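Predicted model only: the values in this text are computed from it and were never measured. Values below: every heavy atom of this structure, side chains too, minus hydrogens, waters and symmetry copies.
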Amino acid sequence: MMRRLLANARAWIHRLRLSLASGIDDWESAELWVQHRMAPSIVEYRRLAHDLDDAAYEITKEMTSTSSSLDLCSAHIALLARVLQDLRVADGLMARGYTMQGWAITASAFEAAHTMGYLAADPSRAVAWWQHSDPRSPFCGARTAVEGCFKYLEIGNQGAQRVRLIGREYRHYEHLCVAKHINPVSERSRYLSPSPRGTVVRFTPTVSSRRRREARFGLALACRAAITALWVFQRAQIPGDEKAARLVVDLGVRAGSVLANWNDPRDAA
């Protein structure tokens with residue numbers, strides 16, 4: 001086992017050296033080079049993503065009973081699994097420079113996490129969720145899901161304050177949908193750039209201050225979706241588990257911090 005791990009590490013270092021020496025002439029080398037350059041600016045975000053994944057395992061591994069109906073519990077487990085898988089995929093994509101693809105996946109995690117809260121706000125909706133059969137339309141709109149989730153989690157005081165917080169949360173989703181819907185705003189200058197010899201076309205990912213900020217913002221929202229999903233799950237399924245509740249609170253504070261600081265000017269072009 002150790003010999004294989006060392007061989008893999010040597011191979012990775014060899015490919016990285018090739019990529020740095022060759023000017024990034026293939027996909028694998030480009031991804032390795034971007035991952036190497038991107039890593040310092042997103043290490044805190046990736047660590048949180050991994051800790052959230054570990055926390056979900058800790059919270060669910062010894063769960064023997066639930067406070068909800070079988071329909072709601074099953075729906076929550078399915079949606080939590082989807083959020084965590086989206087988190088892993090988004091983390092891997094954005095670490096390699098595929099920031100818009102990571103945003104699109106994060107939009108999926110956002111929808112799934114808030115749908116969990118929407119179902120918990122009215123458990124009878126879980127039956128309808130399992131019975132939903134139209135592949136052309138979602139079970140509920142994203143804003144409806146956010147409204148139901150914030151109501152269930154009692155985020156903000158009912159009335160103007162909650163409406164304001166819901167609006168801010170939904171604007172995060174709208175930013176993600178710039179990538180999800182291939183909006184030209186995010187695409188015009190991403191793959192074509194001027195140079196003294198003409199226009200340069202980039203098919204492989206690259207690194208810049210903009211890409212680093214995009215990676216931090218996307219990872220912050222992916223982590224936020226995961227903590228939302230865990231918070232709903234803990235509250236709906238195991239409300240008496242104080243250890244799980246404390247873990248969710250601690251991770252929630254960290255998720256709030258990384259989202260608040262994603263746009264700090266900490267990197268150079």
Okay, side chain of [X], backbone of [Y]: is any donor-acceptor separation there less than 3.5 Å?
X      : Y      : result
Gln161 : Asn157 : yes
Arg162 : Ile155 : yes
His76  : Met116 : yes
Ser74  : Asp71  : no
Thr106 : Gly102 : yes
Arg125 : Leu119 : no
Asp91  : Leu87  : no

Can you tell me how far [atom2] of [Y] sits from [atom1] of [X], rounded to the nearest 0.5 angstrom?
X      : Y      : atom1 : atom2 : answer
Asp53  : Leu230 : CG    : CG    : 9.5 Å
Tyr45  : Leu259 : OH    : CG    : 8.0 Å
Thr60  : Ile77  : OG1   : CD1   : 8.0 Å
Cys223 : Arg47  : SG    : CZ    : 12.0 Å
Leu251 : Leu52  : CG    : CG    : 5.0 Å
Gln237 : Leu72  : CD    : CG    : 5.0 Å

**Residues Cys140, Thr115; criterion side chain to side chain contact (heavy atoms under 4.5 Å, CB included); working and verdict** = CA-CA 8 Å; Cys140 66; Thr115 297; 4.2 Å; yes

**Item:** Trp262 vs Leu219, side chain to side chain contact (heavy atoms under 4.5 Å, CB included): CA-CA, chis, key distance, verdict
**Value:** CA-CA 9 Å; Trp262 70 270; Leu219 282 170; over 6 Å; no

**Prompt:** Quick one: do Val43 and Leu221 end up in the same hydrophobic cluster if we chain Ile, Leu, Val, Met, Phe, Trp and Tyr together by side-chain heavy atoms under 4.5 Å apart?
**Reply:** no

**Asked** Is there a path from Val83 to Ile238 through hydrophobic residues (I, L, V, M, F, W, Y) whose side chains come within less than 4.5 Å of each other?
**Response**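 Cluster IDs for Val83 and Ile238 differ.
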
Side chains of [X] and [Y], donor plus acceptor under 3.5 Å:
X      : Y      : value
Ser108 : Arg82  : yes
Glu147 : Tyr170 : no
Ser124 : Asp122 : yes
Ser186 : Asn183 : no
Glu31  : Tyr98  : yes

**Asked** Which class fits the ring pair His175 and Phe217: parallel under 30°, tilted 30 to 60°, perpendicular over 60°?
**Response** perpendicular

**Request:** Return the orientation label for the Phe139 and Tyr118 ring planes: parallel under 30°, perpendicular over 60°, tilted otherwise.
**Result:** perpendicular

Check ion pair [X]-[Y] (N to O, under 4.0 angstrom):
X      : Y      : answer
Arg224 : Glu169 : yes
Asp241 : Lys243 : no
Glu174 : Arg143 : no
Arg190 : Glu214 : yes
Glu154 : Lys151 : no

Mind listing the closest non-hydrogen atom pair of [X] and [Y] along with its distance?
X      : Y      : value
Ala225 : Ala113 : O-CB, 3.2 Å
Gly117 : Tyr152 : O-CB, 3.6 Å
Ala104 : Ala179 : N-CB, 4.2 Å

Would you say that [X] contacts [Y] through its side chain, given a criterion of any heavy-atom pair below 4.5 Å between the two side chains?
X      : Y      : answer
Ile227 : Leu48  : no
Arg212 : Arg37  : yes
Phe233 : Leu79  : no
Trp27  : Pro205 : yes
Cys177 : Tyr173 : yes
Arg216 : Val258 : no
Thr228 : Cys149 : yes
Thr66  : Met63  : yes

**Derivation and outcome, side chain to side chain contact (heavy atoms under 4.5 Å, CB included), residues Met94 and Ile42** = CA-CA 9 Å; Met94 286 185 276; Ile42 61 172; 5.8 Å; no

**Request:** Test Asp51 against Arg254 for side chain to side chain contact (heavy atoms under 4.5 Å, CB included), laying out the working first.
**Result:** CA-CA 10 Å; Asp51 288 348; Arg254 288 174 60 190; 2.9 Å; yes

**Asked** Checking side-chain contact (heavy atoms from CB on, under 4.5 Å) against Lys180, which of Met100, Gln101, Glu111 comes through?
**Response**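 Only one of Met100, Gln101, Glu111 forms a side-chain contact (heavy atoms from CB on, under 4.5 Å) with Lys180, namely Glu111.
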
**Asked** Which of these, Leu153, Val232, Val146, sits in a side-chain contact (heavy atoms from CB on, under 4.5 Å) with His114?
**Response**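 Single pass found, and it is Val146.
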
